[in-house]
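No hydrogens, no waters, no symmetry mates; every other heavy atom, side chains included, goes into these values. Residue numbering restarts at 1 for every chain, and letters A, B, ... go by the order of the sequence lines. Note that the coordinates shown come from a computational prediction; the quantities given were computed from them, not determined experimentally.
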Number of protein chains: 2
Amino acid sequence: MSTPAPEGYDPHAYAPFAVTVDLAVFTVREARLHVLLVERGQEPFRGRWALPGGFLLPRESAEDAARRELAEETGLGQDTVGALHLEQLRTYTAPDRDPRMRVVSVAYAALLPDLPEPRGGGDAASARWWDTGAAGPLAFDHDRILADAHDRIGAKLEYSCLATAFCPAEFTLGELQQVYETVWGVELDRPNFRRKVLNAPGFVQAVEGPPRRTGGRGKPAALYRAGDATALHPPLLRPPGPDAPHSAPEGRER
Amino acid sequence: MSTPAPEGYDPHAYAPFAVTVDLAVFTVREARLHVLLVERGQEPFRGRWALPGGFLLPRESAEDAARRELAEETGLGQDTVGALHLEQLRTYTAPDRDPRMRVVSVAYAALLPDLPEPRGGGDAASARWWDTGAAGPLAFDHDRILADAHDRIGAKLEYSCLATAFCPAEFTLGELQQVYETVWGVELDRPNFRRKVLNAPGFVQAVEGPPRRTGGRGKPAALYRAGDATALHPPLLRPPGPDAPHSAPEGRER
DNA sequence: AGCCTTTATAGTCAGAGTGACTATTAAGAA
DNA sequence: TTCTTAATAGTCACTCTGACTATAAAGGCT
């Protein structure tokens, strides 16, 4: 057998690796999917944009590290970040993914409602939201991670209640529909969307009181709040396109 | 910011970790889901059973390592292992998951048709198939990994063509149904299952020639081969149970 | 042989869910 | 007022599903 230390993990027999987390933090802005990126201030990939992330501390789990980095990059409070849904995407381990050293990275995805521009905190030269369509070639293998994250989020919208994470505490069904349309890149029929959402037990719950108008024009919409369900029954399937990105649910993973 | 080396990955500023892969290799035997386990020959957890796995080599990706370990533990040929579907489950990073040192582990799941007992190759004291229901407390956090793997496999059967990976090259619809029933732990209606499978384009393709009988009793069944599709349209949803394990596909995976 | 058991396969039927529409209501804008 | 916009209500045909019934083809038994 070729494994260095398969049974007794001899601390001197294994190769040491650096372990990082990378974060794909999404929001919906003006009907476009945006992702939080930071500009690299050093080589390699100096001046290129990258997913925020960083090294695990010696006594820290990957999810803790992801929350810590997220708080640093967005300026969100610990309480907000602590309650947030963080989805572990997958781990990237190609030996040459960092030109300088061996780094394996655990990727996470997070969803936020539309926020003010990030407080370019942390170490990055600058941080801002990018339209996912306009985000140029990123540093390292982050284009791939970003694409995987987008796929996974799109798939999870089908059978989970995750979409409400993109919305503020109270939202209209039109806003929720906007999330689906933006992430999937399709247009949905409004009455049908409404019917499905209201038929899914625990997806949303109506807010008492008078309706609020969204943008100003049109009939005021009723307000809803996220329900207590986490899974969607029946699922809200995206229309079968000719490309059908429903292939390798790895990205999905459910 | 608290990250040691967030921008310039100074090789001396980050904490080194050991990186391993752990494999949940499943098969269906006598209508029960089985998993391949190895007996530990050393402390800690000496004498306990564990998922097969091992350290990443310095220039090896996690998936390559998983295939290498799989070949070592099962005695399967490189060609077989090379073509196998390996599903990356998730990565386990709790700081105390190994009592001796900091180890992060990338978990994979693999599905095999029923095979002869593994050639206890490799380093493990012994290796054998265990009924997933009877697999006692495992070493490390492997009970958790195994449960996550089972959840994920069950979920993937719904919307992917993965179930054929549990079957030999040619199989009957009864055998395929047995896979679903075993992994999900439910009984399915035979005519309905048949209708769904045959209606899903590319799931299975009929084999020419005379039918084969399965066990001996009953009408001979037609033989099928895995189709070329990877996703299942429409999906083959499991019946909604009172427990409904369709909740947080994260832990599940998916 | 004849009958029973077992398994595969064919077909039926009512109900749920869906996509594609049409109609109505209630706001701001021209 | 009238037009435009968006929310909400409702219709209808089609598909898929679960629950069944029926038939076919093998081996085992008496």
Side-chain angles (χ1 to χ4, degrees), chain A residues 30-31 157-159 167 170-182 184 186-201 203-204 206-207 209-224 231-242 244 246, chain B residues 30-31 157-159 167 170-181 184 186-201 203-207 209-224 231-242 244 246:
Chain A
E30 295 160 16
L157 291 194
E158 292 190 324
Y159 50 86
C167 297
E170 297 191 342
F171 52 88
T172 69
L173 294 189
E175 290 165 348
L176 188 63
Q177 182 174 347
Q178 186 66 252
V179 168
Y180 277 89
E181 292 182 330
T182 300
W184 286 349
V186 298
E187 287 206 344
L188 301 176
D189 179 83
R190 202 178 278 271
N192 289 343
F193 179 81
R194 176 186 186 76
R195 180 182 51 192
K196 291 193 204 181
V197 168
L198 295 180
N199 277 348
F203 189 10
V204 298
V207 169
R212 177 189 75 179
R213 53 174 229 268
T214 329
R217 282 187 293 260
K219 177 176 176 177
L223 286 177
Y224 295 85
L232 217 47
H233 284 292
L236 223 158
L237 301 175
R238 64 188 123 182
H246 211 312
Chain B
E30 295 160 17
L157 290 194
E158 292 190 325
Y159 52 84
C167 298
E170 299 192 340
F171 52 87
T172 69
L173 294 188
E175 290 165 348
L176 188 63
Q177 182 175 347
Q178 185 64 252
V179 168
Y180 276 89
E181 292 181 332
W184 287 348
V186 298
E187 286 205 346
L188 302 175
D189 180 83
R190 203 178 278 269
N192 289 342
F193 179 82
R194 176 188 186 76
R195 180 182 52 192
K196 292 193 202 181
V197 168
L198 295 181
N199 277 349
F203 189 11
V204 298
Q205 56 184 93
V207 169
R212 177 190 75 180
R213 51 176 231 271
T214 327
R217 281 188 295 260
K219 178 177 174 177
L223 286 177
Y224 295 84
L232 219 46
H233 285 292
L236 222 158
L237 301 173
R238 63 188 122 181
H246 213 309

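Distance A:H233 NE2 to D:dT17 P: 15 Å, rounded to the nearest Å. If you take CZ of A:R194 and C1' of D:dA6, they are 11 Å apart, rounded to a whole angstrom. Between the CG atom of A:L176 and the C1' atom of D:dA7 there is a distance of 14 Å, rounded to whole Å. Here the P atom of nucleotide D:dT17 and the CG atom of B:L188 are 13 Å apart, to the nearest Å. In this structure, the CG atom of B:L198 is 16 Å from the C1' atom of D:dT17, given to the nearest Å. The distance between atom CZ of A:R217 and atom C1' of C:dA26, rounded to the nearest whole Å, is 15 Å. Atom CZ of B:F193 and atom C1' of C:dT7 are 15 Å apart (whole Å). If you measure from atom CZ of B:R190 to atom P of D:dT21, you get 18 Å, rounded to the nearest angstrom.
Taking B:E181 as the reference, nothing meets the salt bridge (Lys or Arg N to Asp or Glu O under 4.0 Å) condition, with sequence neighbours excluded. Under the ring pair (Phe, Tyr, Trp, His ring centres under 6.0 Å) criterion, B:F193 pairs with B:Y180, sequence neighbours left out. In this structure, the side-chain hydrogen bond (donor to acceptor under 3.5 Å, both in side chains) partners of B:R195, at least two apart in sequence or on a different chain, are B:N192.
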Heavy-atom contacts, protein to nucleotides 12-25 of chain C, under 4.0 Å, summarised as B (base), S (sugar-phosphate only) or - (none) per nt, yield B-----BBBB---B
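Closest heavy-atom contact between A:R190 and A:G174: NH1-CA, 3.4 Å. Summarising the geometry of A:W184 relative to A:L236, their closest heavy-atom pair is CH2-O, 3.1 Å, with the distance given to 0.1 Å.
Checking side-chain atoms of B:E158 against main-chain N and O of B:R238 turns up a donor-acceptor pair under 3.5 Å.
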